[in-house]
Amino acid sequence: MDVRALTVKTVRDGPVCTLILSGDLDLPATGRFLEQAALAVDDLTGRLVFDLVRVLFLDCAGVRALRIATRFAPGRCPVIIGSLSPMPRRIAELLGLDLASLPELSLGHGLRDGPRDSRTGQQDLVPVELGAPFLAGTEGCP
């Protein structure tokens, strides 16, 4: 078995449901992860925990899947996102995400205001006209 393949282990301790993820939480793994998360959470879940310390890689699809999975928690059930290993933590930082507040994030959060300038820490908006080519010099390309 590939060490980077995502595995999800569910641990129940009374009302606490913990999903322990290991491997890569990336686009190919999100469907299986969401399926397992949906099966693990029920109306008796009083706290939902995502243990991500063994996640080796996390892409934007993985972040989105985590956000979707937080919605499986019933009512006002608290959702806890566990710590990340260095590489996924860096990816979350580059995206401008605070995974501790993932359940409260609105759609479009993260790069909504453009990437941060690494020297100034400021975010710049780049004006784009509708219908303009995505890359300069691609005018007339299909």
Side-chain angles (χ1 to χ4, degrees), residues 1-138 141-142:
M1 181 173 180
D2 183 9
V3 71
R4 298 191 68 97
L6 183 70
T7 60
V8 181
K9 180 180 177 185
T10 302
V11 177
R12 297 286 300 208
D13 185 11
V16 179
C17 178
T18 302
L19 296 173
I20 303 168
L21 283 68
S22 301
D24 293 349
L25 183 54
D26 55 4
L27 181 61
T30 58
R32 188 169 24 93
F33 162 66
L34 287 171
E35 182 179 309
Q36 289 180 285
L39 291 172
V41 179
D42 59 24
D43 291 337
L44 301 176
T45 302
R47 176 177 292 163
L48 179 58
V49 179
F50 294 101
D51 181 344
L52 306 177
V53 75
R54 293 176 195 88
V55 171
L56 303 172
F57 178 78
L58 178 71
D59 66 6
C60 293
V63 171
R64 184 170 189 271
L66 279 170
R67 184 167 188 285
I68 291 168
T70 65
R71 295 180 183 171
F72 296 153
R76 296 191 178 270
C77 170
V79 177
I80 299 164
I81 308 289
S83 62
L84 286 171
S85 57
M87 177 64 79
R89 185 180 319 118
R90 180 67 180 138
I91 292 167
E93 288 171 4
L94 290 172
L95 291 172
L97 295 175
D98 176 12
L99 289 182
S101 63
L102 189 64
E104 291 86 32
L105 294 179
S106 61
L107 290 176
H109 180 80
L111 295 179
R112 173 182 58 219
D113 297 327
R116 291 191 179 274
D117 182 309
S118 61
R119 291 183 302 255
T120 65
Q122 296 181 357
Q123 292 180 325
D124 296 321
L125 294 176
V126 179
V128 178
E129 294 180 26
L130 292 177
F134 180 70
L135 296 173
T138 59
C141 292

Check against side-chain contact (heavy atoms from CB on, under 4.5 Å), Val11 and Lys9
CA-CA 7 Å; Val11 177; Lys9 180 180 177 185; 4.1 Å; yes
Exercise: identify the closest heavy-atom pair between Ala65 and Phe33
O-CE2, 3.7 Å
Using every non-hydrogen atom in the two residues, find where Thr10 and Cys17 come nearest and quote the distance to one decimal.
CG2-SG, 4.1 Å
N/O donor to acceptor pairs below 3.5 angstrom from side-chain atoms of residues 75-87, sequence neighbours left out:
residue : atom : partner : partner atom : Å
Ser85   : OG   : Val55   : O            : 2.5

Does Val16 offer a backbone N or O that forms a donor-acceptor pair with the side chain of Asp13 under 3.5 Å?
no
For residues 20-28, which side-chain N or O atoms pair as donor and acceptor with protein atoms under 3.5 Å away, sequence neighbours left out?
residue : atom : partner : partner atom : Å
Asp24   : OD1  : Arg4    : NE           : 3.4
Asp24   : OD1  : Arg4    : NH2          : 3.2
Asp24   : OD1  : Phe57   : N            : 3.4
Asp24   : OD2  : Arg4    : NE           : 3.0

Listing, residues 38-53 side-chain donor-acceptor contacts under 3.5 Å, not counting sequence neighbours, or none:
residue : atom : partner : partner atom : Å
Asp42   : OD1  : Arg12   : NH2          : 3.4
Asp42   : OD1  : Leu44   : N            : 2.9
Asp42   : OD1  : Thr45   : N            : 3.2
Asp42   : OD1  : Thr45   : OG1          : 3.3
Thr45   : OG1  : Arg12   : NH1          : 3.2
Thr45   : OG1  : Asp42   : N            : 3.1
Thr45   : OG1  : Asp42   : O            : 3.1
Asp51   : OD1  : Val53   : N            : 3.2

Stepwise side-chain contact (heavy atoms from CB on, under 4.5 Å) test for Leu6 and Arg32
CA-CA 9 Å; Leu6 183 70; Arg32 188 169 24 93; 4.1 Å; yes
Excluding sequence neighbours, so at least two apart, what forms side-chain contact (heavy atoms from CB on, under 4.5 Å) with Arg90?
Glu93, Leu94
How long is the span from the CD atom in Gln36 to the OG1 atom in Thr7, to the nearest 0.5 Å?
8.5 Å
